[in-house]
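A, B, ... follow the sequence lines: proteins, then strands. Residue 1 opens every chain.
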Amino acid sequence: MLDARFIRDNLEMVETRLRTRGEGVAMERFRQLDARRRELLQESEALKALRNKVSDEISRIKDKSQAQDRILEMRDVSQRIKAFDEELKGVEEELDLFLLTVPNIPHTTTPAGTSEADNVEVRKWGELPAFAFTPKPHWEIGEALGILDFERGAKLTGARFTLYKGAGARLERALINFMLDLHTERHKYVEMLPPFMVNRESMTGTGQLPKFEDDLFHLEGIDYFLIPTAEVPVTNIHRGEILKASDLPLCYVSYTPCFRKEAGSYGKDTRGLIRQHQFNKVELVKFVRPADSYNELDKLLANAEEVLRILGIPYRVIVLCTADLGFSAAKTYDIEVWLPGQNAYREISSCSNFEDFQARRASIRFREDDNAKPEFVHTLNGSGLAVGRTLVAILENFQQPDGKVAIPDALRPYMGGLEKIG
RNA sequence: GGAGAGAUGGCCGAGUAGGUCGAAGGCGCUCGCCUGCUAAGCGAGUAUACUGGGAAACCGGUAUCGAGGGUUCGAAUCCCUCUCUCUCCGCCA
């Protein structure tokens, strides 16, 4: 959420910057509502001041019959206050809804663009594997090895659900543990295991609500949602809190399953593990001082890249342009992993700086000193990494001519010493 | 699911026959004093949001005692609804 006062004072600039996202914003409506809100507020508060003053006088009068005229007068004043407050409530509700549906302002270093084609490659890492045969897509490898069962996944639940079997299940679990160990032990993140369903306030805090409810699984009979990413519960850990500056930056890592409806992507990625309604992810989340946030974003990105470097899987990093940027983000790097079976790079991590956008929604603040005014922190997060897609990358990059799949050295201890699947 | 108890400022904890309570007291914290060296003592200060004025320092107003309604000239205090926490019973991993 943007600061209403900031919008008020920088209306044109905000409008211009938001337009680079390809999104028109009803700034004129904001201007009207904002002005009306302050008018009503002043009227109401002036009357309240009067009522407080006179009520105080009434309290000093011993013989209440002497105060009848003032009591009657204040009875009328209270009615008028009520009328103002009712209109005010309506205006504020509309204003809040407006503010909650305005996306974040892109950072100045986010490249301008009109579509994802304008995303900019930042770097490439690793050599693309050369195969003496035509590399297979992971779903063929997985089915041939008996470690991925798409048919039975669909039988159990439906489309976009998969059953992992045997070494496949073990590999998924190995990846989770490997990533958690790397980030906690080497990168010094603190591990969190949060609830996998959250309430409406949490979803609003990170920006999934009110705009993107259609993408979320909602429970029947209780107003909870399955999390689409650990970002939601983990960022909301400190919702409504004032943190100590000495505790910053707070760096958390969290494994959770993620649940997404994938509404609007019906024809896309229907085969394989790429786009599932349920997938595993290890997420990195940071709460930092505003001045440090872009430096911290670089470090977070490097921490995520480290996973692929250790596994030895080629990838590239791109920076999203204004048109491709997510709703809450000011700047985002995507890590795209090389998938030989598809002869393409595919997203495996998205690392973003939200600046104070989420912190303002969720009221997450810190004090620089004990007597300083609270300021909003900056929040960041990034996948470190999407586990299912990492498994895909392993199957496709390390497939052998005989149909087996080599397990990267770093994962072997997590696989009971297994060197190959198959 | 049944029965009961509770929710107050950074923390602990007063305050319910409605008014002088943004709220005692303690702790913590900040600044200063004192003390010949990290203790004790003394003094002052110490919530947040919105809003008006001001270049600013700052000054004024309103709101906030779990949340939302209600009664009243006036509510932390009375009434209703909800949420959460704790205890006991049942159930369960």
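- At a threshold of 4.0 angstrom between heavy atoms, the contacts of A/Arg70 with the nucleic acid are absent.
- The pair A/Lys268-A/Glu262 fails the salt-bridge criterion, with no side-chain N (NZ, NE, NH1 or NH2) lying under 4.0 Å from an Asp/Glu carboxylate O.
- Look at the C1' atom in both B/rU20 and B/rG15: the space between them is 14 Å, to the nearest Å.
- Across the interface with RNA chain B, nearest-nucleotide mapping of A/Arg367 and A/Arg60 shows A/Arg60 to be the residue nearer the 5′ end.
- A/Gln79 has its CD atom 15 Å from the C1' atom of B/rG74, to the nearest Å.
- For A/Pro137, the side-chain contact (heavy atoms from CB on, under 4.5 Å) test picks out A/Trp139, A/Glu140, A/Glu396, with sequence neighbours left out.
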Distances for protein N or O near nucleotides 78-85 of chain B N or O, under 3.5 Å:
none

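- Not counting sequence neighbours, the partners of A/Ser328 by the side-chain contact (heavy atoms from CB on, under 4.5 Å) test are A/Phe354, A/Phe357, A/Gln358.
- To the nearest angstrom, C1' of B/rA49 lies 18 Å from CD of A/Glu241.
- Within the nucleic acid shown, A/Lys82 comes within 4.0 Å of sugar-phosphate atoms alone, with no base atom in reach, counting heavy atoms only.
- Relative to the side chain of A/Arg365, the nucleotides B/rA49, B/rU51, B/rG19 differ in distance, and B/rA49 lies closest.
- B/rC29 and B/rC12 are spaced 15 Å apart, taking the C1' atom of each and rounding to whole Å.
- In this structure, A/Glu368 places its CD atom 16 Å from C1' of B/rC29, rounding to the nearest Å.
- For the pair A/Ile242 CD1 and B/rC11 C1', the interatomic distance rounds to 14 Å; values are reported in whole Å.
- Phosphate proximity of B/rG74 to A/Ser78: present, with a side-chain N or O under 4.0 Å from OP1 or OP2.
- A gap of 14 Å separates the C1' atoms of B/rU8 and B/rA75, to the nearest Å.
- Counting any heavy atom pair closer than 4.0 Å across all strands shown, A/Arg8 reaches sugar-phosphate atoms only and no base atom.
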Mind listing the side-chain donor-acceptor pairs of residues 244-254 of chain A below 3.5 Å, one per line with the distance, residues two or more places apart or on another chain?
unit_1	atom_1	unit_2	atom_2	d
A/Tyr252	OH	A/His238	NE2	2.7
A/Ser254	OG	A/Met192	O	2.9

For this session: Summarise how protein sits on nucleotides 60-65 of chain B as a single string, 5' to 3': B when a protein heavy atom is under 4.0 Å from the base, S for sugar-phosphate-only contact, - for no contact.
Result: -BBS--

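- The side chain to side chain donor-acceptor pair (under 3.5 Å) pairs that include a residue from residues 94-105 of chain A are A/Arg29-A/Glu94, where partners are two or more places apart or lie in different chains.
- Partners of A/Glu213 under the side chain to side chain donor-acceptor pair (under 3.5 Å) rule, at least two apart in sequence or in another chain, are A/Arg200.
- Nucleotide B/rG52 holds its P atom 11 Å from the CD atom of A/Glu39, rounded to whole Å.
- Of the side-chain N and O atoms in A/Arg38, one or more sit less than 4.0 angstrom from OP1 or OP2 of B/rG52.
- Between A/Glu201 and A/Arg239 no salt bridge is recorded (no basic side-chain N to carboxylate O distance below 4.0 Å).
- Among the protein residues, A/Lys89 comes within range of the sugar-phosphate backbone only, with heavy atoms under 4.0 Å from sugar or phosphate atoms but none that close to a base.
- Between A/Glu45 and A/Lys48 there is no salt bridge, since none of the side-chain N atoms of the basic residue sits less than 4.0 Å from a carboxylate O of the acidic one.
- Atom CG of A/Leu95 is separated from atom P of B/rU51 by 10 Å (rounded to the nearest Å).
- For the strand RNA chain B, secondary-structure stems (runs of at least three Watson-Crick or G-U pairs, all distances below 3.5 Å) span B:1-7 with B:83-89, B:10-12 with B:25-27, B:28-33 with B:41-46, B:47-53 with B:58-64, B:66-70 with B:78-82.
- Rounded to whole Å, the separation between the C1' atoms of B/rC82 and B/rG6 comes to 16 Å.
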Throw together a table of side-chain donor-acceptor distances under 3.5 angstrom for residues 73-81 of chain A, partners on residues two or more places apart or in other chains.
unit_1	atom_1	unit_2	atom_2	d
A/Ser78	OG	A/Arg51	NH1	3.1
A/Ser78	OG	A/Met74	O	3.4

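- For B/rG52, one of the phosphate oxygens OP1 or OP2 lies less than 4.0 angstrom from a side-chain nitrogen or oxygen of A/Gln42.
- Nucleotides B/rU48 and B/rA55, compared at atom P, are 25 Å apart to the nearest Å.
- The separation of B/rA23 from B/rA47, taken at their C1' atoms, amounts to 12 Å, rounded to a whole angstrom.
- Distance noted for atom P between B/rA67 and B/rC11: 14 Å (whole Å).
- Legend: side chain to side chain donor-acceptor pair (under 3.5 Å) pairs involving residues 164-173 of chain A, not counting sequence neighbours, sorted by first then second residue: A/Asp149-A/Lys165, A/Tyr164-A/Glu172, A/Glu172-A/Asn280.
- A/Leu418 is linked by a side-chain contact (heavy atoms from CB on, under 4.5 Å) to A/Ile407, A/Met415, A/Ile421, counting only residues two or more places apart in sequence or in another chain.
- An OP1 or OP2 oxygen of B/rG74 is reached within less than 4.0 angstrom by no side-chain nitrogen or oxygen of A/Arg75.
- Between A/His187 and A/Tyr189, the angle of the ring planes goes over 60°, which puts this pair in the perpendicular group of the 30/60° scheme.
- Rounded to an integer number of Å, the gap from CG of A/Asp85 to C1' of B/rU51 is 14 Å.
- For A/Glu93, the side-chain contact (heavy atoms from CB on, under 4.5 Å) criterion is met by A/Lys89, not counting sequence neighbours.
- B/rG43 and B/rG54 have their C1' atoms separated by 32 Å, with the value rounded to a whole Å.
- The aromatic rings of A/His277 and A/Phe161 lie tilted to each other, with the angle between the two planes from 30° to 60°.
- One atom, CG of A/Asp9, and another, C1' of B/rC50, lie 15 Å apart when rounded to the nearest Å.
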